[in-house]
Amino acid sequence: MKKSLEFEDNSLLPALYGPHNGHLHHLEKALGVEIADRGNTLTLSGPDGAVRKAESVLNTLWTNIQKGQDTGPADIDAALRFLEDQTMSTPDISIQTRKKTIIPRTPNQAAYMQAMRDNPMVFGLGPAGTGKTYLAVAAGVSLYLSGAVERLIFTRPAVEAGEHLGFLPGDMKEKVDPYLRPIYDALHDMMPWDVMTKKIQVGDIEIAPLAFMRGRTLTNAFVILDEAQNATPAQMKMFLTRMGESSRVVVTGDPTQTDLPAHMKSGLQDALDILSGVEEIKFLTFENKDVIRHPLVRRIVEAYDQKK
């Protein structure tokens, strides 16, 4: 089968084709098609189904590029994932932050983003690399920038891999920062560093260990508990009951990767068992196919799962 596609805006073609036609080559390899370019016209050749998929992906990328969204190999893979999932078309959902527009790259990411829009409390569960924390931070930043919430509060259990804060050198900030670095990194990806630093200084953005949440009522805030599998049941109950008026809460973690002692039940698993039927709490579970880091990460996760 052969199919010709014509794209009218020549100034956007480099973003569609990629450096040295890298995006086209990536799509050729993924689908087993041939793509010949001549100016603003692409000719697709190959099996009927593969050509139709290539056409759909290219049209999706073109629409995103026209909206000003960045495009790369990961976005091609994302479009292919939505094609493979027959239950969901490419969603018209995105998160706008100061530095970038974030769109879902898997159907489960799209469902997660929608859940955070529609529910006051969301649990994002699954392996590393699926975007649980990153998308939650993006959702919080977007709501903060729009004025929907007044504060962003990010927290994690401070004890991981058997280390205790009391045994680490430095003051409290130096002790907890290594645990909270992934949140800093995600924030920096969504707002300028000087803006983020200023917001932290005035208290609009708070990044603190889970123990610091005790005794507080968190109102008009977007609150994220990350790495929740390392919270104890008592800590989890304490955190969930901090929720105040006009607040939203997102809990992220991987129930299979707890660093708690073997005899201690994870607070995340405990919450799943207790809260599964509670209205207005949404649970989203990511799978290995949702891993969107380097392709090798997905294969590593799958290899470990097969070993269990």
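By convention here, the first residue in the shown sequence is residue 1. As the structure is a computational prediction, the values presented were derived from the model and not from experiment.
Sorted by first and then second residue, the side-chain hydrogen bond (donor to acceptor under 3.5 Å, both in side chains) pairs with a member in residues 18-39 read Asn21-Asp37, His25-Glu28, His26-Asp77; sequence neighbours excluded. Listed by first then second residue, pairs satisfying ring-ring contact (aromatic ring centres under 6.0 Å, His included) with a partner in residues 263-285 read Phe123-Phe283, not counting sequence neighbours. Residue pairs satisfying the ring-ring contact (aromatic ring centres under 6.0 Å, His included) criterion with at least one member in residues 95-119, sequence neighbours excluded, are listed as follows: Tyr112-Phe286. Here ring-ring contact (aromatic ring centres under 6.0 Å, His included) pairs that include residues 125-156, with residues two or more places apart or in two chains, number zero. Sequence neighbours left out, the pairs with a member in residues 35-73 that pass ring-ring contact (aromatic ring centres under 6.0 Å, His included) are Phe7-Trp62.
For Thr130 (side chain) and Gly126 (main-chain N/O), no donor-acceptor pair under 3.5 Å exists by modelled atom type. Judged purely by atom type and a 3.5 angstrom limit, Gln229 uses its side chain to pair as donor or acceptor with the backbone of Asp254. Distance alone, capped at 3.5 Å, places no donor-acceptor pair between the Ser142 side chain and the Ala138 backbone. Not one N or O on the side chain of Asp118 forms a donor-acceptor pair closer than 3.5 Å with the backbone of Ala115. For the pair Gln235 (side chain) and Thr232 (backbone), a donor-acceptor distance under 3.5 Å is present. With hydrogens and angles ignored, the 3.5 Å screen pairs no side-chain donor or acceptor of Asn119 with any backbone N or O of Met121. In this structure, the side chain of Arg242 engages the main chain of Met238 through a donor-acceptor pair within 3.5 Å.
A pairwise comparison of heavy atoms in Ala54 and Leu27 identifies O-CD2, 4.0 Å as the closest pair. When all heavy atoms are compared, the tightest approach of Val291 to Pro127 is CG2-CG, 4.4 Å. Between Ala136 and Met116, the shortest heavy-atom contact is CA-SD, 3.8 Å. Scanning both residues, Leu260 and Ser266, for their nearest heavy atoms gives CD1-CA, 3.7 Å. When all heavy atoms of Ala228 and Leu268 are compared, the pair lying nearest together is O-CB, 3.6 Å. Closest non-hydrogen pair, Pro47 versus Gly32, comes out as CD-O, 4.0 Å.
A single hydrophobic cluster is not seen to contain both Val195 and Val202; linkage of ILVMFWY side chains at heavy-atom distances under 4.5 Å, directly or through other members, places them apart.
With sequence neighbours left out, the side chain to side chain contact (heavy atoms under 4.5 Å, CB included) criterion links Asp75 to Leu61, Thr71, Ile103, Arg105. Remark: Ala148 engages Leu143, Ser146 in a side chain to side chain contact (heavy atoms under 4.5 Å, CB included) (not counting sequence neighbours). Looking at residues two or more places apart in sequence or on another chain, you find no side-chain hydrogen bond (donor to acceptor under 3.5 Å, both in side chains) involving Ser56. Residues passing the side chain to side chain contact (heavy atoms under 4.5 Å, CB included) test with Thr219 are Arg151, Thr217, sequence neighbours excluded. Partners of Ser247 according to the side chain to side chain contact (heavy atoms under 4.5 Å, CB included) rule, which considers only residues two or more places apart in sequence or in another chain, are Ala221, Met243. In this structure Lys265 satisfies the side-chain hydrogen bond (donor to acceptor under 3.5 Å, both in side chains) test together with Asp273, sequence neighbours excluded.
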For Val122 and Val251, what are the C-alpha separation, side-chain angles and deciding distance, and is it a side-chain contact (heavy atoms from CB on, under 4.5 Å)? CA-CA 6 Å; Val122 176; Val251 178; over 6 Å; no
Check step by step if side-chain contact (heavy atoms from CB on, under 4.5 Å) holds for Asp290 and Gln109. CA-CA 8 Å; Asp290 296 303; Gln109 282 196 352; 5.6 Å; no
**Request:** Evaluate side chain to side chain donor-acceptor pair (under 3.5 Å) for Glu150 paired with Asn220, printing each intermediate quantity in order.
**Result:** CA-CA 6 Å; Glu150 294 179 354; Asn220 203 7; 3.0 Å; yes
- Apply side-chain contact (heavy atoms from CB on, under 4.5 Å) to the pair Glu227 and Thr133, showing each step before the final yes or no. CA-CA 9 Å; Glu227 297 291 343; Thr133 302; 5.9 Å; no
task = Carefully, step by step, assess Met191 and Val141 under the rule side-chain contact (heavy atoms from CB on, under 4.5 Å).
result = CA-CA 8 Å; Met191 61 173 59; Val141 169; 3.8 Å; yes
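Between Leu135 and Met113 there is a side-chain heavy-atom pair separated by less than 4.5 Å. Side-chain contact check for Ile95 versus Thr101: every heavy-atom pair is 4.5 Å or farther apart. For the pair Leu187/Val137, a side-chain contact is recorded, criterion being any heavy-atom separation below 4.5 Å from C-beta on. Contact annotation: the side chain of Asn40 approaches that of Glu6 to within less than 4.5 Å [non-hydrogen atoms, C-beta and beyond]. Inter-residue side-chain proximity for Phe82 and Thr60 is flagged as unmet; no heavy-atom pair is nearer than 4.5 Å. Using a 4.5 Å heavy-atom cutoff, the side chains of Met213 and Glu206 are in contact. Using a 4.5 Å cut-off on side-chain heavy atoms (C-beta onward), Val51 and Asp48 make no contact. The side-chain heavy atoms of Val149 and Ser246, taken from C-beta on, include no pair separated by under 4.5 Å.
The CG atom of Leu44 sits 12.0 Å away from the CZ atom of Arg52 when rounded to the nearest 0.5 Å. A distance of 9.0 Å separates CG in Leu152 from CD1 in Ile207, rounded to the nearest 0.5 Å. Atom CG of Leu58 sits about 11.0 Å away from atom OG1 of Thr63, to the nearest 0.5 Å. In this structure, CG on Leu275 lies 11.0 Å from NZ on Lys237, to the nearest 0.5 angstrom. Atom-to-atom distance recorded for Leu31:CG and Lys53:NZ is 6.5 Å, nearest 0.5 angstrom. In this structure, CG in Leu210 is found 7.5 Å from CZ in Phe239, a value given to the nearest 0.5 Å.
Side-chain contact annotation: Thr106 with Asn108, donor-acceptor N/O pair under 3.5 Å absent.
Evaluated for a side chain to side chain donor-acceptor pair (under 3.5 Å) with Arg156, the options Asn230, Asp226, Thr252 yield exactly one hit, Asp226.
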Side-chain donor-acceptor distances from residues 8-18 under 3.5 Å, at least two apart:
residue	atom	partner	partner atom	Å
Asp9	OD1	Ser11	N	3.1
Asp9	OD1	Ser11	OG	2.5
Tyr17	OH	Gly39	O	3.0

